[in-house]
Engineer: 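Handing you a structure now.
Chain letters run A, B, ... following the sequence lines, proteins first and then strands; every chain starts at 1. Values reported hereafter were calculated over all heavy atoms of this structure, with side chains retained and with hydrogens, waters and symmetry mates removed.
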Protein chains: 2
Amino acid sequence: MSGAEIMNERKKRILQAVTDDYISTAEPVGSRTIARRYNLGISPATIRNEMADLEESGYLEQPHTSAGRIPSDKGYRFYVDSLMQARPLSKEQQARIYRELKRRQHEIEALIQHTAKLIADLTSCAALILCPRLQDRVLKHIELIPLNEENVLVILVTSPGFVETRVVEIPHPISAEELRKVAEFLNAHLQGMIVSNIRVSLLKQLHLELVRYNSLLEGTLDLIIKTIRKSGKERVYREGTMHILEQPEFRDIEKVKPLFEFLGEDDTLIDILGNASSHGELRVVIGKEHEMAEIRDCSMISAPYGIRGNIVGILAVLGPTRMDYARIISLVEFVAGLLSDTLTEIDAS
Amino acid sequence: MSGAEIMNERKKRILQAVTDDYISTAEPVGSRTIARRYNLGISPATIRNEMADLEESGYLEQPHTSAGRIPSDKGYRFYVDSLMQARPLSKEQQARIYRELKRRQHEIEALIQHTAKLIADLTSCAALILCPRLQDRVLKHIELIPLNEENVLVILVTSPGFVETRVVEIPHPISAEELRKVAEFLNAHLQGMIVSNIRVSLLKQLHLELVRYNSLLEGTLDLIIKTIRKSGKERVYREGTMHILEQPEFRDIEKVKPLFEFLGEDDTLIDILGNASSHGELRVVIGKEHEMAEIRDCSMISAPYGIRGNIVGILAVLGPTRMDYARIISLVEFVAGLLSDTLTEIDAS
DNA sequence: GTTAGCACTCTCGCCTGGCGAGTGCTAATG
DNA sequence: CATTAGCACTCGCCAGGCGAGAGTGCTAAC
């Protein structure tokens with residue numbers, strides 16, 4: 001109840017020992033184990049007393065009487081906020097990640113997919129990467145290609161190298177030549193703009209310039225703009241969802257099912273990730289702190305990545321609440337930074 | 001051993017009853033159950049005798065003494081080949097599928113993804129669709145877009161409406177204008193060709209025409225051709241892999257793991273599917289008939305789909321050996337046909 | 001050839017008792 | 001007064017035993 005207990009140094013050390021041990025063994029940890037494995041210079045009995053206090057204040061819990069203790073969500077939270085010392089990556093690991101990411105740089109989607117895979121493999125958790133919404137990106141180039149009489153392929157190249165294709169159904173056939181002119185017109189006026197800003201400014205230009213073109217184009221142009229503006233769904237890359245099956249807490253198939261269903265739904269994922277780190281910093285959400293019931297057994301560590309300081313996407317790791325926070329936080333931070341650098345570099349060239 | 005046993009009418013009826021029942025209940029089925037549920041006009045004792053024979057000839061097996069019988073792979077094979085009456089889809093179901101597939105026709109990737117999802121939902125199995133290799137498709141259009149000084153975006157539109165994008169790193173900067181000429185040249189000479197045929201004919205043309213262009217282009221052109229020709233990986237769409245978790249035979253997580261790992265690997269999937277129905281007909285592979293050990297507990301039903309009779313891809317359903325063959329075979333056949341029609345239609349327009 | 005009856009086998013669920021791990025309390029200790 | 005040792009107690013887990021239920025195989029009768 002109170003919660004206003006004093007968290008003395010010894011209690012902290014014990015909570016840390018319990019958490020560290022549970023993270024690495026996945027077994028409830030008892031007083032004896034702590035006394036043996038972490039030489040805090042105190043006896044199991046003392047540890048027991050302290051653990052009883054910690055349980056009362058909600059930092060630890062017992063799966064059942066007379067099992068060891070495991071950290072509660074509150075315990076993990078305290079661990080993450082105050083106890084854990086972020087374990088920086090070894091030079092070799094940094095070098096390895098660096099090397100992996102620098103390889104096939106020029107296909108951006110491959111880069112992101114690859115990054116996700118890398119994180120997943122290094123953490124044994126599910127890795128998620130959210131790409132920037134089309135609307136938030138800068139338009140670099142538009143191309144229009146006639147597919148047949150009714151359909152035009154619209155290709156949008158946006159910073160920092162994404163390519164989107166859409167098929168637009170047009171009301172009237174348009175010649176390739178005319179289409180090229182339209183594309184030219186669009187490029188001339190829209191290049192460098194952020195996609196979501198396009199409509200307003202375009203409409204102004206449109207009026208002035210429209211007379212030059214066949215009136216048939218009016219509807220087409222409108223459709224193309226609509227196409228650009230709509231379907232502004234983020235894309236989300238997943239990797240390593242299978243790693244979840246390796247975690248002992250998910251040996252029960254009934255626990256896995258809702259989680260996998262959650263991971264399968266683009267929309268909810270996008271939602272969650274979008275909320276997660278859109279406000280700039282690395283963030284850790286633990287267990288029941290999640291809004292979505294399906295992932296109340298999981299923790300998520302997320303960090304934004306960006307171009308020249310502007311956030312363009314979010315990178316996250318999802319795993320059991322018993323995850324190796326110290327390592328994974330460092331990793332996520334490092335990779336997000338590296339990804340930002342890489343994208344910035346690509347964008348500049 | 002013998003196998004040369006006479007499979008009389010009654011044995012067939014019993015095998016069918018066992019199989020039907022096991023498919024719908026997932027429980028070993030005993031003689032009593034059959035006598036009660038399927039009125040074959042014979043008593044449990046007689047059924048027992050026949051079942052013993054069927055077991056000896058390898059069509060049935062017992063999970064343990066004194067459980068009911070379940071069909072062996074050989075039993076399923078016989079069931080599929082000789083007993084099962086393909087259960088045609090109801091008019092409503094056909095209509096529903098038809099309606100679903102006719103919706104957003106013009107984005108072809110979405111169409112295929114959508115088809116996979118539909119099959120997965122209707123079968124409660126995993127649905128897989130293999131797209132044609134780039135190399136086997138007809139080139140409809142090439143577009144080259146400069147991204148920056150070192151990179152060019154190559155866009156390939158191929159029948160029946162696929163769009164592929166690749167980034168090519170070029171040795172020397174090329175102006176947009178020159179690039180446009182190259183694209184024009186390529187379009188003029190390559191349109192309508194099957195991608196895998198491109199190299200030979202191009203080289204001939206190349207020599208004749210090359211003099212017109214800056215010699216710097218030579219290397220670039222070569223790179224572009226290489227890009228087109230390489231990376232001819234099929235793409236495979238998956239849907240409904242989660243449905244597998246619903247099947248009682250996969251309640252054990254240890255059985256799911258290798259299967260999911262298998263489903264996660266593009267390359268092996270492509271391999272399996274490529275072999276499956278490349279020779280034209282609907283095919284059923286049951287349990288241990290599979291080459292890959294990971295799916296020896298599964299059956300796969302696959303059918304090719306194509307454009308104007310030319311196979312361009314393969315559609316498959318993967319589920320437990322205890323799957324509803326009668327229904328799923330009809331479904332796969334129907335959807336493959338419909339997909340073929342749709343693609344043919346799109347290609348023609 | 002078919003069927004009824006019966007003994008047999010096997011799984012499954014349930015209960016039991018012993019074991020080990022870990023706790024909480026109390027009293028002794030520095 | 002904080003710390004520790006000792007001890008009784010609680011619980012989950014596991015192995016073994018038992019009965020119920022389902023289903024078979026065999027035999028003898030129809």
Side-chain angles (χ1 to χ4, degrees), chain A residues 5-15 17-22 25-72 75 248-249 251-252, chain B residues 5-15 17-22 25-72 75 248-249 251-252:
Chain A
E5 316 263 337
I6 297 160
M7 195 47 142
N8 63 31
E9 199 49 41
R10 196 169 65 188
K11 278 197 176 55
K12 286 184 191 172
R13 289 246 293 279
I14 289 174
L15 179 55
V18 171
T19 310
D20 280 337
D21 209 76
Y22 184 63
T25 65
E27 296 286 332
V29 25
S31 54
R32 222 188 126 73
T33 315
I34 292 191
R36 232 185 314 117
R37 229 183 305 233
Y38 304 79
N39 42 1
L40 305 180
I42 48 180
S43 77
T46 312
I47 294 173
R48 275 205 288 283
N49 287 330
E50 295 287 31
M51 292 213 298
D53 290 356
L54 283 170
E55 181 169 358
E56 196 173 0
S57 11
Y59 294 102
L60 293 180
E61 48 194 37
Q62 274 182 302
H64 52 85
T65 342
S66 190
R69 304 298 212 289
I70 64 177
S72 66
E249 30 270 277
R251 238 174 309 144
D252 180 11
Chain B
E5 315 264 338
I6 295 159
M7 196 45 144
N8 63 32
E9 199 49 42
R10 196 168 66 186
K11 278 196 176 57
K12 288 184 190 171
R13 291 246 292 280
I14 289 174
L15 179 54
V18 172
T19 311
D20 281 338
D21 208 75
Y22 185 62
T25 66
E27 296 287 333
V29 24
S31 52
R32 222 188 126 75
T33 316
I34 292 192
R36 231 186 314 116
R37 228 181 308 229
Y38 305 79
N39 40 1
L40 306 180
I42 46 181
S43 78
T46 311
I47 294 174
R48 274 204 289 283
N49 288 330
E50 296 287 32
M51 292 214 297
D53 290 355
L54 283 169
E55 182 169 359
E56 198 173 358
S57 8
Y59 293 101
L60 292 180
E61 46 194 38
Q62 273 182 303
H64 52 84
T65 342
S66 184
R69 304 297 209 291
I70 63 175
S72 65
E249 30 270 275
R251 237 174 309 143
D252 180 10

Engineer: How close or far is atom C1' of dA4(C) from atom CD1 of I47(B), stated in whole angstroms?
Structural biologist: 14 Å
Engineer: Over all heavy atoms of both residues, which pair between K11(A) and E50(A) is shortest? Give the atoms and the distance, please.
Structural biologist: NZ-OE1, 2.9 Å
Engineer: Nearest-nucleotide wise, let me know which of R36(A) and A45(A) is further upstream toward the 5' end of DNA chain C.
Structural biologist: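 Here R36(A) is the residue nearer the 5' end.
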Engineer: Are the side chains of R69(B) and L54(B) in touch, meaning some heavy atoms are under 4.5 Å apart?
Structural biologist: no
Engineer: Counting only non-hydrogen atoms, which of residues 61-72 of chain B are less than 4.0 Å from DNA chain C?
Structural biologist: H64(B), T65(B), S66(B)
Engineer: Can you find a heavy atom in the side chain of T46(B) that is under 4.5 Å from one in the side chain of R10(B)?
Structural biologist: yes
Engineer: For dT2(C), take OP1 and OP2 only and decide whether either is under 4.0 Å from a side-chain N or O of R10(B).
Structural biologist: yes
Engineer: Are the side chains of L40(B) and I14(B) in touch, meaning some heavy atoms are under 4.5 Å apart?
Structural biologist: yes
Engineer: Identify the heavy atoms of P71(A) and Y22(A) that sit nearest to each other, and give their distance.
Structural biologist: CD-CD2, 3.6 Å
Engineer: Anything under 4.0 Å to a heavy atom of chain B counts; send over the first and last such nucleotide of DNA chain D, read 5' to 3'.
Structural biologist: dA22(D) to dG25(D)
Engineer: Starting at atom CZ of R32(B), determine the distance to atom P of dT3(C), rounded to an integer number of angstrom.
Structural biologist: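 Between P of dT3(C) and CZ of R32(B): 15 Å.
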Engineer: Starting at CZ of R48(B) and ending at P of dG1(C), how long is that distance when rounded to a whole Å?
Structural biologist: 19 Å
Engineer: Taking C-beta and beyond as the side chain, do V29(B) and I34(B) meet within less than 4.5 Å on heavy atoms?
Structural biologist: yes
Engineer: Return yes if some donor-acceptor pair links the side-chain N/O of S72(B) with the main-chain N/O of G58(B) below 3.5 Å, else return no.
Structural biologist: yes
Engineer: Mind checking whether D20(B) and Y38(B) have side chains closer than 4.5 Å, heavy atoms only?
Structural biologist: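 D20(B) reaches Y38(B) side chain to side chain.
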